[in-house]
Amino acid sequence: MPGRRRHDPRRPGLAVTRRRFVIVGGGVTGASAASTLRGEGFDGEILLVGDEPDLPYERPPLSKEWLARTEPPLVVYPEDWYADNAVELLTGTRVTALDRSEREVTLSGGATLGFDALLIATGGQARRLPGLSDVCEDRVHHLRTRADSDALRSRLTPGERLVVLGGGFVGCEVAATARKLGVEVTILEMAAAPLERALGTELGGLFAGIHRAAGVDLRCGERVESVARTGDGLVVHTDRGALECSTLLVAAGLVRDTEMWAAAGVPCADGVLVDAGCRTGVPGVFAAGDVVAHDHPRYGRLRVEHHDSAVRQGAVAARNMLGAGAEFDEPHWFWSDQYDHTLQSYGGVGEPDLDETVIRGRPEEGSFVRFGLSAGRVVSVLGLNRRAEVMAGRRLVLSGHPVPAEQLRDESVDLRRLLRRPARA
């Protein structure tokens, strides 16, 4: 049964129920939810169940600083934070079943946990391509966990040859890190440009130039047909020829962990379906982070895999577990570091049709900000190597002030001035 009964010393002979909240998923979403619950004054039990052996940690550095060994430990909170805040950690433990009617989950060891509210924050797994792991398990890698990053790092030594299947953010970030470590890198991307799905062909082409200038052999529109083992590595056969390498990284996206939840009757469709408040539709069951398909008040149904969204959704879910009416309605925010370049985007995911796009700076020189306008207001901002201006643009999005396009385009205009009051034409 949900919760645990304890004696109330203020009322002799009366037993009261102490509420129990169970969070399934040991990443930033779960840690954010636990922290928010305590911050909002929840004094019941919090159990955080994670299938990895580590404390909850940040994932973005796995393809960058942690992979290059320039990042300190990745943990969200140190171990004593959980004890100090009475958050019980069950690491190295999987949830294997959910019983909605009994409001309990079954753990990998066979024990069951009753709950008053459950948060699903399990994220997903790196997509596998059929048969590749059978070719040569120690040379075919994926990147989702700290253990994955550590295993890949052991293969990235100067002079080694790495082939990356997929030119999305993970593939491009690993390629950049590997080049800095002296590894010979080839990226195979089916689309016309890397990052095309997220940024479009034009900006994707800009990043293609960045990678090629760094010595990456970037091959777009090339399809992998098979992978075979050789005496000292692998050979990747494509529709244009063959590539030899010592290590292969499959960076083909994320498969969300929905199978068990769907089997238990939680609505799923390439993600656990949640409303704007991270409610699943099953009483007492919430979901947040990479695992969800979220009904955003502004953009409609979205599936995103961004760190900022995961943290904020965890906080929204926690407040609603306590009975609040919170919504995750902010524009989406993400960033990517590749070589010495920083890309930042706010409000660009699922953005409706724009009236106008304004460029400030020089894309051909790798330094610009792109503003998306609707009804004269800034609704999205994307910048490369323009951190301060992106942050000013982010505040313009939130302000809702009308801003003349010519002032955004004019680099002599201090964007911070436009924040103080609505601009005039």
Side-chain angles (χ1 to χ4, degrees), residues 2 19-42 44-51 56 58-59 76 87 95 98 100 103-105 113 115-124 254-334 346-347 349-350:
R19 289 188 295 169
R20 173 190 284 167
F21 289 172
V22 174
I23 301 169
V24 185
V28 294
T29 305
S32 173
S35 175
T36 302
L37 288 171
R38 289 300 186 225
E40 294 288 327
F42 178 63
E45 294 179 79
I46 301 176
L47 285 84
L48 182 56
V49 184
D51 61 359
E58 310 271 355
R59 295 192 191 276
V76 180
V87 175
V95 168
L98 163 65
R100 294 189 304 160
R103 285 201 173 191
E104 66 179 24
V105 292
L113 286 176
F115 61 82
D116 294 281
L118 174 72
L119 174 60
I120 299 169
T122 47
L254 181 76
V255 178
R256 292 168 177 82
D257 283 330
T258 60
E259 184 175 355
M260 181 184 65
W261 308 116
V266 178
C268 297
D270 190 26
V272 177
L273 299 178
V274 297
D275 66 9
C278 297
R279 305 174 190 88
T280 65
V282 176
V285 179
F286 301 78
D290 291 355
V291 74
V292 305
H294 174 251
D295 190 8
H296 196 285
R298 180 185 181 92
Y299 307 124
R301 182 71 65 187
L302 282 179
R303 299 169 181 84
V304 297
E305 300 152 23
H306 302 318
H307 177 274
D308 183 75
S309 298
V311 172
R312 293 179 184 273
Q313 286 180 1
V316 166
R319 294 187 180 101
N320 289 335
M321 292 166 80
L322 295 172
E327 290 188 344
F328 175 65
D329 57 2
E330 288 195 26
H332 289 283
W333 164 254
F334 71 87
Y346 187 66
V349 178

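Worth saying up front: this structure is predicted, and the values here are computed from it rather than measured.
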### Side-chain touch L98/L118, heavy atoms, less than 4.5 angstrom
yes
### Query
Can any side-chain N or O of D308 pair as donor or acceptor with the backbone N or O of F334 at less than 3.5 Å?
no
### Summary
Correct closest heavy-atom pair for V292 and A287 would be CG1-C, 3.4 Å
### Task
Give a yes or no answer on whether the side chain of R301 reaches the backbone of A293 with a donor-acceptor pair at less than 3.5 Å.
yes
### Query
Nearest heavy-atom pair of C278 and V316: which atoms, and what distance?
SG-CG1, 4.3 Å
### Contact check, side chains of D257 and E259, non-hydrogen atoms, under 4.5 Å
no
#### Entry: N/O donor-acceptor pair under 3.5 Å between D116 side chain and F21 backbone
no
### Where A317 and A288 come nearest, the two heavy atoms and their spacing
CB-CB, 4.3 Å
### Message
Under the ring-ring contact (aromatic ring centres under 6.0 Å, His included) test against H332, which residue among H296, H294, H307 passes?
### Response
H296
### Where L48 and P56 come nearest, the two heavy atoms and their spacing
CD2-CG, 3.8 Å
### Message
If you define the side chain from C-beta out and look only at heavy atoms, does anything of I23 sit under 4.5 Å from I46?
### Response
yes
### Query
Nearest heavy-atom pair of A117 and F286: which atoms, and what distance?
CB-CE1, 4.4 Å
#### Entry: Heavy-atom side-chain contact between E45 and R19 under 4.5 Å
no
### Message
Whether the side chain of R100 engages the backbone of V282 through a donor-acceptor N/O pair (distance < 3.5 Å, no angle test) should be reported.
### Response
no
### Query
Are the side chain of T280 and the backbone of V285 linked by a donor-acceptor contact shorter than 3.5 Å?
yes
### Task
Hey, could you give me each pair passing salt bridge (charged side-chain N to carboxylate O under 4.0 Å, His left out) that has a residue in residues 284-296? Not counting sequence neighbours.
R144-D290
### Flag side-chain contact, heavy atom, 4.5 Å: N320 against F328
no
#### Entry: For R303 against D270, the heavy-atom pair lying closest together
NE-O, 2.8 Å
### Task
Could you check if a side-chain atom of D329 sits within less than 4.5 angstrom of a side-chain atom of R298, using non-hydrogen atoms only?
no
### Message
Between R279 and M321 (side chain of the first, backbone of the second, donor and acceptor by atom type, cut-off under 3.5 Å), is there such a pair?
### Response
no
### Message
I'd like to know if the side chain of E327 and the backbone of A276 have a donor-acceptor N/O pair within less than 3.5 Å.
### Response
no
### Query
Has the side chain of T36 got a donor or acceptor atom that lies under 3.5 Å from a matching backbone atom of S32?
yes
### Message
Between R59 and E305, does any side-chain N to carboxylate O distance fall below 4.0 Å?
### Response
no
#### Entry: Donor-acceptor pair, side chain of R38 and main chain of F42, under 3.5 angstrom
yes
### Message
Taking the side chain as everything from C-beta on, heavy atoms only, tell me whether W261 gets closer than 4.5 Å to R256.
### Response
no
